[in-house]
Amino acid sequence: MIVLGISGALGHDASAAILIDGKIIAAAEEERFIRDKHAKNQFPYEATKFCLKQAGIKAEDVDIVAFPYAEIPLTSKARWHYAKRHWYAPDRALDALFNGNRRFRRNRDKLLKLMADLGLTNAKFVPVEHHLAHASSAYHLSGFKEKTAIVGIDGKGEYATTFFGYGENGKIHKIKEFYDPDSLGGMYGAITEYLGFEMLDGEFKVMGMAPYGDASKYDLSRLATFENGELVIDTTLVNVVGLRRYKENGKGYYFTPELIDWLGPKRSGDEIDNPYIHYAASVQALLEDVALKMIDYYLGDIIKETGKIVMAGGVALNVKLNQRIISMPHVKELFVQPASGDAGTSLGAATFAANAAGDTVEPMQHAYLGPAFSSEECVAACEAHPNKPIFTKVDNFPQKAAELLAAGNPLAWLQGRMEFGPRSLGCRSILGDPSFPGVADRINAQIKYRERWRPFCPSMLDKAAPEILQTNHPAPYMTFTFDVAESWKSRIPEVVHEDGTARAQVVTYATNPRYYELIEHLEKLRGNPVVLNTSLNRRGEPMICSPTDALNMFYGCDLEYLMMEDILVTKK
């Protein structure tokens, strides 16, 4: 069975993924090919073409096209809840009741056009509810055999914002859903906008800012309450539509003028300052506290039974929340889908449809699911580039890379297959030696051009991780923070955040041998089996996909060294 998953219904993070007989063959985000971050209002033409090519099949071979967006019947509580809670905007409320699947129909038509344009003529179109796609991307790919608690928290899909359920014997069971506007992700997104960042992009920045503040200074708990099993967002302040929105320079925001009256003017600029750092700390604490209460209320018994829990949805990328879930009583292991945002729903819809069609879905082994480029293609890109790059072929390129890092240089590093999801995991990365003072500031100022207070992450060898992170919990995807052991904080200061934690990737030889070798060489030279790793892109751009993309970035910043497979490009 060949199943293609295609996402793009929510107007951002379009992607495609392909499974053959239950095994993931490829998955990629559209933004990487068209060089437009989040690929807003696009459908994944290029990502779909890549998936077909990587699988070595023709479009007419595909059996199912799965789509992570479905019709929601009027008999569902979802549309009635939405109408009742949006009664202040009667046009929205009545639309939900009388034309509640308008967005589904519009997106279905766009998808059917894509299928016709790309020749997917024999495939059956299978819509999958958005939150079931998130749930499947976590549960079916976790490899957990026991009864498994499932959490999905994001802004919203069709109407649902939050999903609690469990997986057993390959089947997903719903326990409880919450509906828009009662959305923890939406509340956090609205405060993200208030703090001067873009919703669906800046939530990571709020999380990075939070450790600099004091959560007890301001009580934001009226934004979201959870009592007697019900989540309620205060829509006099956040998660609003229409005339309730605060407007500035012609743009409407997801919060109200009342929020400004309460907390003061919206933040602007790049510095972290009072009182905004404390608001960031407070909203982060609120998200964690409410999410943990909800998980315990709806899934506590299942977690007690087996200790296994899986998670997806945009809020599942909140690594601080995930650290707290891991430390809940009875939790033995948490699997977070590395592409937890909406890009991952193409994979989720594909796994859900494959499982429903009778395939046994194989667990996810790694996130290296995008395109790879040969050494010859890297040379060809250099020869064709207008900047006339100076390049040489290097014999032992992981060793050469480690030598450059050990001398204090940042290094752009492109090798193997591109990562799926928002994290660079050693194939499209900018690297640094985390024991070298100032390397993080240098990468921020000269290469990434991003806020200087943003944290950097460590990639570390599996043999050293238990000592550094004080746990054996699996961490292949940078989806958790851990408390760094006291003895290591001074050894790798450039990757330890303000609160003593690190968002770590534990690297295994089996999944990324070249990257593993690089870190081994760096350990021989500098004594630490850890490398600083951030995504290969500049601020506001998607992660680099191809050698040409890498060269364009290289000549658009102050990087001096770029390693593409075994081709070293220098500006010297």
Side-chain angles (χ1 to χ4, degrees), residues 85-86 88-89 153-156 161 180-227 231-291 293 314-315 317-321 324 444 449-455 497-499 539-540:
R85 295 282 277 120
H86 285 86
Y88 65 86
I153 310 178
D154 67 3
K156 76 161 184 171
T161 65
D180 197 38
D182 297 306
S183 166
L184 271 185
M187 179 276 295
Y188 199 91
I191 298 299
T192 296
E193 285 197 328
Y194 169 74
L195 291 173
F197 306 116
E198 206 177 314
M199 202 171 178
L200 301 171
D201 187 57
E203 285 83 351
F204 303 123
K205 300 178 185 184
V206 176
M207 187 172 63
M209 191 195 269
Y212 293 92
D214 177 354
S216 65
K217 279 211 160 163
Y218 296 95
D219 179 9
L220 301 190
S221 60
R222 58 188 270 208
L223 294 174
T225 52
F226 181 71
E227 284 165 6
L231 170 69
V232 180
I233 300 298
D234 186 342
T235 55
T236 64
L237 296 166
V238 291
N239 240 23
V240 291
V241 297
L243 297 175
R244 264 196 200 177
R245 287 184 171 184
Y246 171 75
K247 294 188 179 61
E248 194 177 272
N249 302 326
K251 178 175 166 28
Y253 292 91
Y254 283 91
F255 55 86
T256 64
E258 286 80 351
L259 186 82
I260 300 278
D261 296 342
W262 178 32
L263 298 180
K266 179 176 162 289
R267 176 184 164 274
S268 59
D270 271 356
E271 291 311 305
I272 48 171
D273 42 20
N274 284 329
Y276 303 103
I277 50 172
H278 307 305
Y279 294 155
S282 188
V283 77
Q284 176 65 28
L286 177 64
L287 175 86
E288 291 173 19
D289 294 344
V290 174
K293 274 187 201 155
V315 174
L317 294 168
N318 192 300
V319 292
K320 295 288 189 214
L321 167 61
R324 286 193 62 189
N444 258 344
Y449 305 121
R450 63 178 206 173
E451 301 87 351
R452 63 185 173 78
W453 42 268
R454 300 266 305 277
H497 199 27
E498 187 74 6
D499 55 3
R539 183 177 180 172

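The figures that follow rest on heavy atoms only: side chains count, while hydrogens, waters and symmetry mates do not. These numbers come from a predicted model, not from an experiment.
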With side chains defined as the heavy atoms from C-beta onward, is the minimum distance between [X] and [Y] less than 4.5 Å?
| X | Y | value |
| --- | --- | --- |
| Val241 | His86 | yes |
| Tyr88 | Thr236 | no |
| Leu237 | Leu223 | yes |
| Lys266 | Leu195 | no |
| Arg324 | Asp289 | yes |
| Lys217 | Asn274 | no |
| Val206 | Ile191 | no |
| Leu286 | Ser221 | yes |

[Y] backbone acceptor or donor facing [X] side chain under 3.5 Å:
| X | Y | value |
| --- | --- | --- |
| Ser282 | Tyr218 | yes |
| Arg244 | Thr235 | yes |
| Thr256 | Arg245 | no |
| Asn239 | Pro181 | yes |

Rounded to the nearest 0.5 Å, how far does [atom2] of [Y] lie from [atom1] of [X]?
| X | Y | atom1 | atom2 | answer |
| --- | --- | --- | --- | --- |
| Met207 | His497 | CE | NE2 | 8.5 Å |
| Leu231 | Ile153 | CG | CD1 | 9.0 Å |
| Ile233 | Phe226 | CD1 | CZ | 11.5 Å |
| Asn444 | Arg539 | CG | CZ | 9.5 Å |

Considering all heavy atoms, the nearest [X]-[Y] contact:
| X | Y | result |
| --- | --- | --- |
| Asp182 | Arg85 | OD1-NH2, 2.7 Å |
| Leu220 | Trp262 | CD2-CH2, 3.8 Å |
| Pro455 | Gly208 | CD-CA, 4.2 Å |
| Asp499 | Pro211 | OD2-CG, 3.7 Å |
| Gly185 | Val315 | CA-CG2, 3.6 Å |
| Thr192 | Gly202 | CG2-C, 3.5 Å |

Geometric class of the Tyr253/Phe255 ring pair [parallel <30°, tilted 30-60°, perpendicular >60°]: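 Rings of Phe255 and Tyr253: parallel, as their planes differ by under 30°.
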Using only heavy-atom distances, determine whether the side chains of [X] and [Y] contain a donor-acceptor pair under 3.5 Å.
| X | Y | answer |
| --- | --- | --- |
| Tyr194 | Arg267 | no |
| Gln284 | Asn318 | yes |
| Thr225 | Glu227 | no |

side-chain contact (heavy atoms from CB on, under 4.5 Å) between Met187 and Val283, worked out: CA-CA 9 Å; Met187 179 276 295; Val283 77; 3.6 Å; yes
Tyr279, OH atom: more than 12 neighbouring heavy atoms under 6.0 Å: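 Atom OH in Tyr279 is packed in, count exceeds 12.
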Contacts of type side chain to side chain contact (heavy atoms under 4.5 Å, CB included), residue Pro257, not counting sequence neighbours: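 Only Tyr246 meet the side chain to side chain contact (heavy atoms under 4.5 Å, CB included) criterion with Pro257.
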Derivation and outcome, side-chain contact (heavy atoms from CB on, under 4.5 Å), residues Lys251 and Glu193: CA-CA 11 Å; Lys251 178 175 166 28; Glu193 285 197 328; 3.9 Å; yes
Qualifying salt bridge (charged side-chain N to carboxylate O under 4.0 Å, His left out) pairs, either residue in residues 195-213, two or more places apart: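 Of all non-adjacent pairs touching residues 195-213, those that pass salt bridge (charged side-chain N to carboxylate O under 4.0 Å, His left out) are Lys37-Asp201, Lys40-Glu198, Lys205-Glu451.
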